[in-house]
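Chain identifiers are assigned alphabetically (A, B, ...) following the order of the sequence lines, protein sequences preceding nucleic acid strands; residue numbering begins at 1 within each chain.
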Amino acid sequence: MPPGSGPRWRRYGTDAVLLDCASLAEAVAARATVAAAGRDDVVELVPGARSLLIQVRGGERALTEIRELVESADLAHPPATEAREVVLDVRYDGADLDEVARTAGLDVAEVVALHTGAEYTVAFTGFAPGFGYLTGLPEPLRQPRLATPRTRVPAGSVGVAGEFTGVYPRSSPGGWRLLGRTDAVLFDPRAERPALLAPGDRVRFRSVE
Amino acid sequence: MNRRIERRIEIVEPGPAALVQDLGRPGHAHLGVPPSGALDQPALRLANRLVGNPEPAAGVEALLGGLRVRAHTSCTVAVTGPPVAVTVDGRPAGTHLPVHLRPGQTLALGTPEVGLRCYLAVSGGLAVEPELGSRSRDVLSEIGPPPLRPGQLVDLGPPAGIPAGADALAPARPPAELTVPVLLGPRDDWFVDPAADLAGYWEVTAESNRVGLRLTRPDGSALRRRPERVDTELPSEGLLTGAIQVPPSGLPVVFLADHPTTGGYPVVAVVRPDALAALAQARPGTGVRFRAVG
């Protein structure tokens, strides 16, 4: 099979394919499968919310091999990768905390307990360097974006939107509902590991005063 | 005078926008970091060869010329990109060939009549601090050295090789209309007759930058989504340089090196990599037609 044919495998220019996934979990598993192969001809491996984009040097042959690798993998049991476990200390005093609690039909303490009680996985990134879309958000906290985005959200703000929670690496405009703030440095381009959060990493939030 | 020989140039005047660029930092898209790098990579590679640098050395990408630099050391420089007037201390010098500067001499670029981006390479390369393995300025993420400022002193690396005068070329004149080869997909099935619509006449708008070329059509028409896709939302997915993304307006954006790494609008087609340099030189008003190949 050519690497870019069929309903799931879509051609993406001369040197990449996009894999359509049935779920976010499948996208995470496909990413882990390709990452675990440790191929040095993979240029970019970019998970999306329901997809995986794979860019290679080495053309069709490399893309075909990667396709065969993913097709033969058990995506229900992806390989363990060097995922890190990251704990982020958060002051839960965000501008939308009361609103999130009201919408969820909870009190603020229950919102904090839910948000800190869950374990999250970095599904994919985007929007800004070091911004991870974290999955695993408990149902009552899954709420739409603000109707009117803020023109400025401070760096370190912890927010929720739809099925995701995440942390703004730097001050920027944004429409996520803000629960609190962390002092953690999410992105430092001069650091050995520039991004604190990479796809596959596991994340927990801890409430601090 | 310094006892140690400091190899430096001074940015006397950056012109409209002068950025340090090398071949970028691919391989970090999963962290949300675009590849960045010179938009016209063949032009930067040539400039580096002309001054004896390895092709990936960092040089200056000068938007619409206007750049003036003073040598604080003896160095070899070369200007590439579209045709542009170049002088050394007021005397005509030329492009696409190595030019020697003595300490104190000033190289000045005029404004190119066609095209957008001139490249200046200096023997030894610009030795600014790299970030994520590259000295490129990424205007979307604000990673890499800030835009060059008047009066800024820039360190040079040690000169590596002998200037290669042999492959000096006449500058290519960017055409008024481009035909750009593309491969359809990954989301061409969202659109009614995408190959025909892409093949029509598009025009580069003034809202274009290193993130992307924004296109419009004089007759107001646009790419048409299939009826069943009109209200569909696309879950965010990865983006690569050359992706032609189509927001609900139907007016395409061709992503260039500083593109976002994920996006939520369908990509109808992807530009062949060897056609990107011509797009990097496409001024607002340039006509563009996309030809589906492969």
4.5 Å side-chain heavy-atom contact, [X] and [Y]:
X: A/Pro194; Y: B/Val33; answer: no
X: A/Arg31; Y: B/His30; answer: no
X: B/Ser236; Y: A/Phe124; answer: yes
X: A/Tyr12; Y: B/Leu239; answer: yes
X: A/Pro129; Y: B/Ile143; answer: yes

Region of [X] in contact with chain B, defined by heavy-atom distances below 4.5 Å:
X: A/Leu52; value: neither
X: A/Phe187; value: side chain
X: A/Leu45; value: backbone
X: A/Ala198; value: both

**Prompt:** Among residues 202-213 of chain B, which ones touch chain A with a heavy-atom distance under 4.5 Å?
**Reply:** none
**Contact listing (chain A partner; residues 247-257 of chain B; heavy atom under 4.5 Å)** = none
Does atom [atom1] ([X]) have a neighbourhood of more than 12 heavy atoms from anything else shown, all under 6.0 Å?
X: B/Asp274; atom1: CG; value: yes
X: B/Glu228; atom1: CD; value: yes
X: A/Arg145; atom1: CZ; value: no
X: A/Phe127; atom1: CZ; value: yes
X: B/Arg289; atom1: CZ; value: yes

At a heavy-atom distance under 4.5 Å, which candidate from [options] has the highest pair count against chain A?
options: B/Thr261, B/Thr262, B/Leu132, B/Leu240; result: B/Leu240
options: B/Gly185, B/Pro235, B/Ser141; result: B/Ser141
options: B/Pro186, B/Pro26, B/Ala243; result: B/Pro186

**A/Glu44 side chain vs B/Gly27 backbone, donor-acceptor pair below 3.5 Å** =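 Checking the backbone N and O of B/Gly27 against the side chain of A/Glu44, a donor-acceptor pair under 3.5 Å is found.
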**Test item: A/Thr14 side-chain N/O and B/Pro273 main-chain N/O as donor-acceptor pair under 3.5 Å** = no
State, to 0.1 Å, how close [X] and [Y] come at their nearest heavy-atom pair, and which atoms those are.
X: A/Asp20; Y: B/Arg187; answer: OD1-NH2, 2.6 Å
X: A/Ala195; Y: B/Leu31; answer: CB-CD2, 3.8 Å
X: B/Ala29; Y: A/Thr125; answer: O-OG1, 3.6 Å

Under a 4.0 Å threshold between the charged nitrogen and the carboxylate oxygen, would [Y] count as salt-bridged to [X]?
X: A/Arg50; Y: B/Glu237; result: no
X: B/Asp189; Y: A/Arg10; result: yes
X: A/Asp15; Y: B/Arg272; result: no

Heavy-atom distance under 4.5 Å to chain A: side chain of [X], backbone, both or neither?
X: B/Pro260; result: neither
X: B/Val267; result: side chain
X: B/Val293; result: backbone

**Asked** Run the side chain to side chain contact (heavy atoms under 4.5 Å, CB included) check on B/Val270 and A/Arg11 step by step: do they pass?
**Response** CA-CA 9 Å; B/Val270 181; A/Arg11 184 166 69 175; over 6 Å; no
**Item:** When A/Gly48, A/Pro189, A/Ala49, A/Gly126 are compared by non-hydrogen pairs under 4.5 Å with chain B, the top option
**Value:**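 It is A/Pro189.
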